[in-house]
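Each chain gets a letter, A, B and so on, in the order the sequences are listed, and its residues count up from 1. Here the structure is a predicted model, which is why all the values come from computation and not from measurement.
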2 protein chains.
Amino acid sequence: MAHTIKDVARLAGVGIATVSRVINGSPNVLPRTRERVLAAIEELGYRPNQAARQLVTARTNTIGVVLPFLTRPFFVEVLRGIEAEVAQANYQLIIFNVESVEQRDRYFGHLPFLGRLDGLIVLSLPLGAAELDRLSKVDLPVVLIDTEAHNLPAVVIDNETAAQMAVEHLIEHGHQRIGYICGPLYPELGISVNRERLIGYEAALRTHNIEICQDYIRASGDGREVGRASTKALLNLATPPTAIFAASDEQAFGAMDEIQARGMQVGQDIAVVGFDDLEMSSYLQLTTVHQPMERMGRSGARILLDRLSNPDQPAPRRTVIPVELCVRQSSVPKS
Amino acid sequence: MAHTIKDVARLAGVGIATVSRVINGSPNVLPRTRERVLAAIEELGYRPNQAARQLVTARTNTIGVVLPFLTRPFFVEVLRGIEAEVAQANYQLIIFNVESVEQRDRYFGHLPFLGRLDGLIVLSLPLGAAELDRLSKVDLPVVLIDTEAHNLPAVVIDNETAAQMAVEHLIEHGHQRIGYICGPLYPELGISVNRERLIGYEAALRTHNIEICQDYIRASGDGREVGRASTKALLNLATPPTAIFAASDEQAFGAMDEIQARGMQVGQDIAVVGFDDLEMSSYLQLTTVHQPMERMGRSGARILLDRLSNPDQPAPRRTVIPVELCVRQSSVPKS
DNA sequence: TTTGAGTGTGGAAACGTTTCCAGAGTATAG
DNA sequence: CTATACTCTGGAAACGTTTCCACACTCAAA
């Protein structure tokens with residue numbers, strides 16, 4: 001059986017309160033007393049029981065993160081940032097992976113993490129009125145990343161402006177017929193980036209008095225293969241676009257696959273711009289909007305941690321992380 | 001303030017012990033009593049305090065996973081399998097990401113998770129004598145995935161045999177000069193797959209009386225770019241290999257990059273075989289050893305969970321997950 | 001010397017559960 | 001009608017901490 005604080009107290013010849021003070025770094029302990037206690041702790045290999053500690057302090061030193069599709073690079077990179085920041089602050093990180101509507105509803109319906117968490121990060125998942133309502137009732141500090149909701153602190157990028165920037169880059173390089181490929185505009189889990197980026201795409205065209213052609217907009221599914229299929233459809237049009245803006249790098253990879261499979265040159269014959277800047281994108285020379293994913297994770301985690309150590313101070317309502325366009329050969333071929 | 005079991009008991013007009021019995025599904029409760037209690041729980045929105053529960057039961061309902069490089073696809077896929085299985089069993093999952101030797105030593109030196117976990121999964125990280133010693137002292141159930149250690153249950157694949165199979169596939173298709181590219185044989189964290197796969201590579205050659213040429217073996221770093229560099233070195237040899245076996249798909253992608261950059265055809269001019277079977281590998285038509293990553297995660301998690309619910313029954317010492325070779329055009333061009 | 005503040009310490013209450021134990025009630029067998 | 005067994009229930013102990021409170025002591029000021 002593991003030792004308790006009483007064993008330590010007895011061995012050190014002090015009271016349990018003093019041991020507790022030593023453990024928690026209270027200043028009011030005589031140096032020689034502290035040393036005796038530390039020696040006893042060392043000798044017994046004593047470890048404070050976390051459950052007992054939590055029970056009395058009502059803190060768990062744990063934060064949770066709910067995220068969709070643990071497997072997709074974007075979410076993993078953000079998670080990595082969160083993990084780094086959380087570990088550094090000596091908190092634990094519990095993850096809840098959501099891959100279906102039922103799972104999401106299970107988590108937000110039952111809130112199974114309720115007693116176990118000091119705070120929660122929700123990544124990319126939009127929260128509906130029901131979820132917000134339930135969350136607000138239990139007063140658990142929440143921070144959102146890559147999604148927004150009334151009144152909750154959020155770390156986001158400006159998808160509209162970023163997309164507009166990407167499309168304007170294409171326009172500046174002489175393109176007038178620009179396709180947009182993305183995943184479903186209204187996906188099951190309600191993730192809205194594809195919609196927001198569509199708005200930016202349309203804004204760029206409108207600004208330059210280019211007519212918006214519905215045939216150039218293909219919103220179907222996620223992933224590389226679907227991106228390739230969408231591109232195939234675009235290139236089979238009577239008047240195909242000369243440039244393609246993809247709402248994700250994975251889709252853009254698919255576009256490049258299709259272009260190359262047709263014996264055409266990416267950048268030369270058809271320009272491609274993506275969104276995310278995955279590790280592979282620079283290898284493939286894909287022009288893309290760089291999202292600082294790890295930084296978004298760190299930023300969100302930090303906001304939550306700050307709020308935990310400083311409960312009265314309000315968290316910043318909305319933190320916009322700047323993005324930038326990485327211009328590579330897929331849109332501007334080397335001369 | 002949140003309600004306690006006492007509030008529920010008072011409202012339902014029963015004792016706290018009865019409420020506890022209802023919560024924990026004890027059979028000896030009169031149906032109408034149970035209903036009164038459930039109604040009270042519902043009305044108050046009562047949730048049992050986890051810390052109090054843990055304190056008295058000495059169980060946390062949480063398992064931890066220590067894994068390196070949260071960002072690499074292989075580890076993420078395995079983690080996903082673990083998460084799925086753990087969530088299904090109504091356990092929480094705490095993750096500890098290790099990206100440096102210091103971090104690993106911090107985790108295994110202090111075992112900061114000690115009081116918070118019912119069990120631990122170690123993914124891919126080899127454990128030294130010191131770590132094993134410490135772990136055995138604290139009697140925390142441990143399961144290893146993709147790594148092995150004296151006496152601890154482990155879920156692994158047979159890297160040697162798998163590599164041998166991959167190389168023999170190349171030999172059968174007429175290749176005699178076969179290169180092997182991989183990450184460092186003795187990396188910082190001690191991960192040993194590259195070494196094991198090298199042994200399989202050598203065994204295949206030896207079996208077919210092919211001389212092992214040290215120039216054909218390039219162990220440098222991880223990732224796609226390094227794979228490309230290794231391939232460049234191989235192809236610049238006076239007598240370059242006609243086939244390349246890469247210890248990871250990421251490395252194989254780099255090899256394909258370099259081959260294509262030289263205007264040669266993958267599969268036609270140089271054959272490439274990888275290891276992992278990432279999502280992208282089928283798109284790129286890469287022949288590769290398929291590792292059922294998610295399944296490995298699930299399998300390891302299940303072994304741990306079984307052991308937790310059944311402490312006396314010994315866990316299977318070594319579970320070997322079968323792998324298979326996925327033959328695609330990178331080694332056998334379509335005719 | 002007395003007062004007062006300040007420092008170091010220990011005992012005990014409190015946190016919210018689970019579970020042991022005992023008791024009340026009911027049904028069954030002798 | 002009593003003895004026995006079984007079911008349902010409630011009180012209270014126990015889990016291992018933190019923290020409140022009280023006490024003893026030291027030292028400086030009055």
Side-chain angles (χ1 to χ4, degrees), chain A residues 1-41 44-62 90 92 112-118 138, chain B residues 1-41 44-62 90 92 112-118 138:
Chain A
M1 207 51 216
H3 293 287
T4 76
I5 202 172
K6 269 187 191 158
D7 302 323
V8 177
R10 195 177 319 125
L11 180 60
V14 300
I16 56 168
T18 300
V19 177
S20 177
R21 274 186 280 261
V22 170
I23 292 169
N24 294 291
S26 163
N28 290 346
V29 179
L30 232 48
R32 53 172 267 114
T33 310
R34 164 172 286 117
E35 274 186 34
R36 277 221 312 283
V37 171
L38 289 176
I41 289 176
L44 296 176
Y46 164 75
R47 308 244 170 191
N49 178 306
Q50 295 303 326
R53 187 175 246 180
Q54 285 173 30
L55 177 58
V56 59
T57 58
R59 306 186 73 233
T60 63
N61 253 266
T62 301
N90 259 313
Q92 321 283 326
F113 36 70
L114 209 53
R116 310 172 188 266
L117 261 41
D118 289 343
V138 299
Chain B
M1 208 48 220
H3 293 288
T4 75
I5 202 172
K6 269 186 193 158
D7 302 322
V8 177
R10 197 177 317 127
L11 181 59
V14 300
I16 56 168
T18 301
V19 177
S20 177
R21 274 185 282 261
V22 170
I23 292 169
N24 295 291
S26 162
N28 293 345
V29 178
L30 230 47
R32 52 171 269 110
T33 310
R34 164 173 286 116
E35 274 186 36
R36 279 222 310 283
V37 172
L38 289 176
I41 288 176
L44 295 176
Y46 164 75
R47 309 245 170 189
N49 178 304
Q50 294 303 326
R53 188 173 244 181
Q54 285 174 29
L55 177 58
V56 59
T57 59
R59 306 186 72 233
T60 62
N61 252 264
T62 301
N90 260 313
Q92 322 283 326
F113 36 70
L114 210 52
R116 311 175 188 263
L117 262 40
D118 289 344
V138 299

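Across all strands shown, B:R32 has no heavy atoms under 4.0 Å from either base or sugar-phosphate atoms. Contact annotation for B:L55: base contact, defined as any heavy-atom pair under 4.0 Å involving a base atom. When heavy atoms are screened at a 4.0 angstrom cut-off, A:I16 is found touching base atoms of the nucleic acid. Across all strands, A:S20 comes closer than 4.0 Å to base atoms (heavy-atom distances). Within the nucleic acid shown, A:G115 has no heavy atom closer than 4.0 Å to any nucleic acid atom.
In this structure, B:T4 OG1 and B:N49 CG are separated by 9.5 Å, a value rounded to the nearest 0.5 Å. In this structure, the separation between CD1 on B:I23 and CZ on B:R53 is 6.5 Å, given to the nearest 0.5 Å.
Using a 4.5 Å heavy-atom threshold, the side chains of A:Q50 and A:N61 count as separate.
What separates CD of A:Q50 from C1' of C:dG16 is a distance of 18 Å, to the nearest Å. Atom CD of A:Q54 is separated from atom P of C:dC15 by 17 Å (rounded to the nearest Å). What separates CG of B:D7 from C1' of C:dC15 is a distance of 14 Å, to the nearest Å. Atom C1' of nucleotide C:dC15 and atom NZ of B:K6 are separated by 10 Å, given to the nearest angstrom. Protein atom CG of A:L114 is 14 Å distant from nucleotide atom P of C:dG16, rounded to whole Å. Atom CG of B:L44 and atom P of C:dG16 are 14 Å apart (whole Å). With rounding to whole Å, A:L30 atom CG is found 15 Å from D:dC25 atom P. Atom C1' of nucleotide C:dG8 and atom CZ of A:R36 are separated by 12 Å, given to the nearest angstrom.
Residue B:N49 places none of its side-chain N or O atoms closer than 4.0 Å to OP1 or OP2 of C:dC15. Checking the phosphate oxygens (OP1, OP2) of C:dT9, a side-chain nitrogen or oxygen of A:T33 falls inside 4.0 Å.
Take the nearest nucleotide of DNA chain C for B:N24 and for A:T18: the residue whose nucleotide is more 5' is A:T18. Where B:R34 and B:V56 meet DNA chain D, the nucleotide closest to each residue was compared, and B:R34 sits on the side nearer the 5' end.
Distances were taken from every side-chain heavy atom of B:N28 (C-beta onward) to each of C:dG10, D:dC8, D:dT18; the shortest belongs to D:dC8. Minimum atom distance to the side chain of A:I5 is reached by D:dT17, of the listed D:dC8, C:dT9, D:dT17. Nearest nucleotide to the side chain of A:A52, out of D:dG16, D:dG10, C:dT18: D:dG16. Side-chain proximity of B:P48 to C:dT17, D:dT17, C:dG8: nearest is C:dT17.
Considering B:V37, B:L38, B:L30 in turn, B:L38 is the only one that fulfils the side chain to side chain contact (heavy atoms under 4.5 Å, CB included) rule with B:R34.
Taking all atoms of both residues into account, the shortest heavy-atom contact from B:Q54 to B:R59 is CG-O, 3.0 Å. A:R21 and A:V29 make their closest contact through CB-CG2, 3.9 Å (heavy atoms, listed as atom of the first residue, atom of the second, distance).
If you check distances only, the side chain of A:R21 does reach the base of C:dG10 with a donor-acceptor pair under 3.5 Å.
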